[in-house]
Amino acid sequence: MEPLTPNSVSRGEEAAEVEEINWTELPPDVTSMILSNLNAVEILSSAQYVCSLWRKLCREPMMWRNIDMHNLGDLWDLEFDLEKMARHAVDRSCGQLLSVFIEYFATDNLLNYIIDRSSHIRHLRLVSCYSISDDGLSEGIKRLPLLDEIDLCYCSFSKEVLEAIGQYCPRLKSLKLNCQGFRRPHIECNEEALAIAQNMPGLKNLQLFGNKLTNDGLVAILDGCRHLESLDLRQCFNVNLGGNVGKRCAEQIRIVRYPNDPTDDYEFNAEIHDDASFDEEYPSGISDLDLLSDDDYYDFSADSDFSDYDPFEQYHFYD
C-alpha cells in the first residue's frame, strides 16, 4: 500500500471535491452546452426532469436548432411515440430549426409537419425512412430553399426526387446518397448519377457509398459538378478508376475515396453481402425493381397499431 503523503492527501481531497460538484448549479451557458450534446429523446425523456433550471433550458428554442433522432437503438424496445416526440421538439424550436436527423420512423405526415414550421432548415438527414414517399419528399423540398446539405442513406427514393432537390435547393453543397454495397448480383444503374450531374452543378461534397453507377455515370458527374471538392465512391464496384477516368478524378477533385478504400470511418455497417447464386439465376443482369415484391413493404406510419400507446403522457411529457 502506498504510504500517505501530503501529495496523496491533496489528490484525495481534490477527488472528493470533484465528487461533490452539484451539476445543477453550473452556469446556464455551461449547462446548455452540455445538454446540446444529448439527442432529442434523451432531453425529452430524462434531462429536462433533473431540476427546474434544466427544464427551463430544455424549453428554450435555441436548444432545438438541431434535432437529432437517429441511432436510437431497437425501436421495438422503445416505450413512446417517436413521431409525437419529434413534433414536440419541432414545436419547441419556434421556427429556429436548422438541422434535423431522423432514422427509421419518419413519414410523409411528419416531414410535412416539420417543414411547415421550419422553413430555414439547412441540413436534412433521413436514414432508412421507407415510409416517406417520393411525392412526400419532393413536395417538402420545394419549401426548403435554404437547404445546403441533405443525407438520404439507405432509403429508396427515385431519380425524380434528386431532380427536385437540384431544382428547388439552389444552395445545395453536400449530398450523401448511400446504400448497401455488393458485387453480386451485378446491377448497373446510372439514373441517380445522371440526375445529380444534370441538376446539382453547385455540389462540393458528394458521397455515393455502395452506388450502382458505372464509369459513364461518373464521367457525367465530373462534367456536371465542376465544383466538387470531395467524392466518396467506396463500394461502388462498377466503377473502374484505373485509366483516364481515375486520372481525371485525381486532377479535378481534391479528396477522392476509391471503391476499395477502407471503411473504418464509415458510420454505418459496411459489411458486403454478396450472393453469387443470383449470377446463375439472372445471367443477363437484373434491376433493383426485380428484387422487390409487395411483401417487402411494411406500414410503420402513425396509423399503425404501434403508435397509439405513449406512457409519457401520464408524466405530462408534452406540456
- prompt: How many angstroms lie between atom OH of Y113 and atom CD1 of I115, to the nearest 0.5 angstrom?
  reply: 13.5 Å
task: Determine the sole option in D265, L233, L208 for which the side chain to side chain contact (heavy atoms under 4.5 Å, CB included) test with R257 is passed.
output: D265
From I102 atom CD1 to L110 atom CG, the distance as rounded to the nearest 0.5 Å: 4.5 Å
- prompt: Given D116 and R143, is the salt bridge (Lys or Arg N to Asp or Glu O under 4.0 Å) satisfied, shown in steps?
  reply: CA-CA 8 Å; D116 274 349; R143 292 173 285 152; 2.3 Å; yes
message: Which label fits Y154 and Y266: parallel for a plane angle under 30°, tilted from 30 to 60°, or perpendicular past 60°?
response: tilted
- prompt: So if you build clusters from Ile, Leu, Val, Met, Phe, Trp, Tyr with side-chain heavy-atom gaps below 4.5 Å, do W54 and M62 land together?
  reply: no
- request: Drop me the distance from I121's CD1 to D148's CG, to the nearest 0.5 angstrom.
  value: 11.5 Å
Spatial distance of atom CG (L111) from atom OG (S131) [nearest 0.5 Å]: 12.0 Å
message: A side-chain contact here means heavy atoms from C-beta on lying under 4.5 Å apart; do Y168 and L147 qualify?
response: no
Heavy-atom check, side chain of R87 versus side chain of N109, under 4.5 Å: yes
- prompt: If you look at every heavy atom in C129 and F157, which pair is closest and at what distance?
  reply: O-CZ, 4.4 Å
task: Determine whether L98 and L146 fall in the same hydrophobic cluster, where Ile, Leu, Val, Met, Phe, Trp and Tyr are linked whenever their side-chain heavy atoms lie under 4.5 Å apart.
output: no
- prompt: Of the non-hydrogen atoms in F105 and A86, which two are nearest, and what is the gap between them?
  reply: CE1-CB, 4.2 Å
query: Looking at side-chain heavy atoms only, is the closest gap between C249 and L218 below 4.5 Å?
result: yes
message: With a 4.5 Å cut-off on side-chain heavy atoms, are N215 and V239 touching?
response: yes
Taking every non-hydrogen atom, the tightest pair across C155 and L126: SG-O, 3.6 Å
task: Could you check if a side-chain atom of E267 sits within less than 4.5 angstrom of a side-chain atom of K176, using non-hydrogen atoms only?
output: yes
- prompt: Passes side-chain hydrogen bond (donor to acceptor under 3.5 Å, both in side chains), S230 versus N205? Steps please.
  reply: CA-CA 5 Å; S230 69; N205 305 294; 2.7 Å; yes
query: With a 4.5 Å limit on heavy-atom distance, are the side chains of C225 and L206 in contact?
result: no
Check against side-chain hydrogen bond (donor to acceptor under 3.5 Å, both in side chains), R234 and N178: CA-CA 10 Å; R234 283 178 293 177; N178 300 338; over 6 Å; no
message: I'd like to know whether H186 forms a side-chain hydrogen bond (donor to acceptor under 3.5 Å, both in side chains) with E188, so could you lay out the CA-CA distance, the side-chain angles of the two residues, the decisive distance to 0.1 Å, and finally the verdict.
response: CA-CA 7 Å; H186 182 75; E188 296 182 358; 2.8 Å; yes
message: With rounding to the nearest 0.5 angstrom, report the CD1 to CG distance, I34 to D29.
response: 10.0 Å
- prompt: Run the side-chain contact (heavy atoms from CB on, under 4.5 Å) check on H123 and F101 step by step: do they pass?
  reply: CA-CA 8 Å; H123 187 185; F101 304 167; 3.4 Å; yes
Close side-chain approach of Q252 and R226, heavy atoms under 4.5 Å: yes
- prompt: Closest heavy-atom contact between F237 and N260?
  reply: CE2-OD1, 3.5 Å
field: Identified side chain to side chain contact (heavy atoms under 4.5 Å, CB included) counterpart of I165 within the set N199, L144, L152
entry: L152
statement: Taken to the nearest 0.5 Å, the spacing of I150 CD1 from I141 CD1 works out to 4.0 Å
message: Hydrophobic clustering (ILVMFWY, side-chain heavy atoms < 4.5 Å, transitive) - are L228 and L194 grouped together?
response: no
- prompt: Same hydrophobic cluster for L97 and L35, using side-chain heavy-atom links shorter than 4.5 Å among ILVMFWY?
  reply: yes
task: Output, in order, the C-alpha distance, side-chain angles, deciding distance and verdict of side-chain contact (heavy atoms from CB on, under 4.5 Å) for R92 and R59.
output: CA-CA 6 Å; R92 287 195 178 186; R59 296 176 69 89; 3.7 Å; yes
